[in-house]
Number of protein chains: 2
Amino acid sequence: MRPFAIGVLSERTGVKVPTIRFYESIGLLPAPERTQTNRRTYDEDTVRRLRFIRHARELGFEVDAIRTLLDLAAHPERPCAEADVVARRHLADIDDRIERLTGLRAEVQAMLDQCTGGQVRECRVIEVLANHGECLSEKH
Amino acid sequence: MRPFAIGVLSERTGVKVPTIRFYESIGLLPAPERTQTNRRTYDEDTVRRLRFIRHARELGFEVDAIRTLLDLAAHPERPCAEADVVARRHLADIDDRIERLTGLRAEVQAMLDQCTGGQVRECRVIEVLANHGECLSEKH
DNA sequence: TGAAGACCTCTAGCTACTAGAGGCTTGTCT
DNA sequence: AGACAAGCCTCTAGTAGCTAGAGGTCTTCA
């Protein structure tokens with residue numbers, strides 16, 4: 001396969017052109033070869049690398065974590081414990097966020113349940129916001 | 001009560017001093033009176049308003065939504081339907097995020113479950129990231 | 001009186017992109 | 001061959017909601 005342009009890379013990976021340039025600028029993608037007229041050219045390796053990045057992003061991994069994972073992927077002989085750690089940390093982070101959101105959900109739902117639909121004067125939504133004491137939990 | 005300084009407002013509301021100035025700059029808080037030496041002075045009204053803001057932020061409302069809610073809170077004679085809409089939209093947003101996170105959680109968990117702890121060469125975490133086809137869902 | 005601490009403004013940084021301006025190059029159609 | 005659109009280039013700035021720091025003034029307390 002011939003080297004191809006950034007637009008082709010974009011289409012083949014589903015990552016937008018400006019995003020590809022952005023990834024290059026932060027060092028997630030290496031600076032590619034250029035044509036004589038200064039255009040970036042890519043090869044299959046970059047397609048694989050970028051798909052890896054995209055997929056990890058879709059799963060919510062942060063760029064720093066992806067850097068570590070990419071680094072690991074490049075060294076097949078190393079133990080995979082480190083990848084495990086990264087993924088476990090991410091899982092814990094997701095759990096954390098789910099838990100907090102679930103708590104919030106309950107508060108907002110409770111607020112809405114109490115709303116009788118009258119005037120703002122007696123609106124529970126506004127009132128709960130104004131008075132923290134009425135909340136389900138003291139946590140926030 | 002005498003008017004008080006920004007540090008006092010900060011302590012009484014739990015909102016950091018730079019954040020208070022930031023809220024002023026984006027118009028969430030009105031520009032306060034100043035002393036002759038240009039220091040901001042606040043009163044009880046601001047404490048209430050800022051507590052309202054803080055509480056809404058803690059519940060995950062966006063600044064724009066808070067603007068609407070504050071506006072409503074200032075007009076007790078209006079119907080509270082609008083507050084209801086804001087809160088319901090927020091609830092839907094939270095549900096959405098929980099759902100997406102739950103999906104992610106399952107993917108990451110599945111990835112981890114398959115890891116046998118050997119070398120990166122046979123690491124499922126790395127492999128799953130490299131090959132989207134192995135995912136639980138096609139959604140992402 | 002002198003030093004610490006609180007206050008002031010302004011700028012820049014965080015995450016992960018996205019959008020736009022202004023200007024070349026490439027490809028296609030006639 | 002020439003015209004014109006589409007694609008590429010760089011650079012800057014904007015998104016949300018703050019946070020941190022520089023460099024300077026003012027207040028408070030021992």
Legend entry - Sugar-phosphate only, base, or nothing, as touched by A/Ile6 at under 4.0 Å among non-hydrogen atoms: sugar-phosphate
Legend entry - Salt bridge flag under 4.0 Å for residues B/Arg89 and B/Asp93: no
Inset, instruction - Ignoring backbone atoms, test whether B/Arg57 places a side-chain nitrogen or oxygen under 4.0 Å from the OP1 or OP2 oxygen of D/dC18. - result: yes
Inset, instruction - For B/Asn38 and D/dT27, give me the distance from atom CG to atom P, rounded to whole Å. - result: 11 Å
Legend entry - Donor-acceptor pair between A/Asp113 and A/Gln109 side chains, under 3.5 angstrom: yes
Legend entry - Close side-chain approach of A/Glu33 and A/Asp43, heavy atoms under 4.5 Å: no
Inset, instruction - Please work out if A/Arg40 contacts a base, only the sugar-phosphate, or nothing of the nucleic acid, heavy-atom cut-off 4.0 Å. - result: sugar-phosphate
Inset, instruction - With DNA chain D as reference, determine whether B/Asp64 or B/Thr35 sits nearer its 5' end, using the nearest nucleotide of each. - result: B/Asp64
Legend entry - Residues B/Arg49, B/Asp45: salt bridge by 4.0 Å N-O rule: no
Legend entry - Nearest-nucleotide 5' precedence on DNA chain D, B/Glu62 against B/Arg39: B/Glu62
Legend entry - Within 45° cone and under 6.0 Å: A/Arg12 NZ/CZ vs A/Phe4 ring: yes
Legend entry - Start and end of chain B contact along DNA chain C [non-hydrogen atoms, under 4.0 Å]: C/dA6 to C/dT9
Inset, instruction - Using a cut-off of strictly less than 4.0 Å, decide whether B/Thr19 has a side-chain nitrogen or oxygen near OP1 or OP2 of D/dT19. - result: yes
Inset, instruction - Would you kindly say whether B/Asp71 and B/Thr68 are connected by a side-chain donor-acceptor distance under 3.5 Å? - result: no
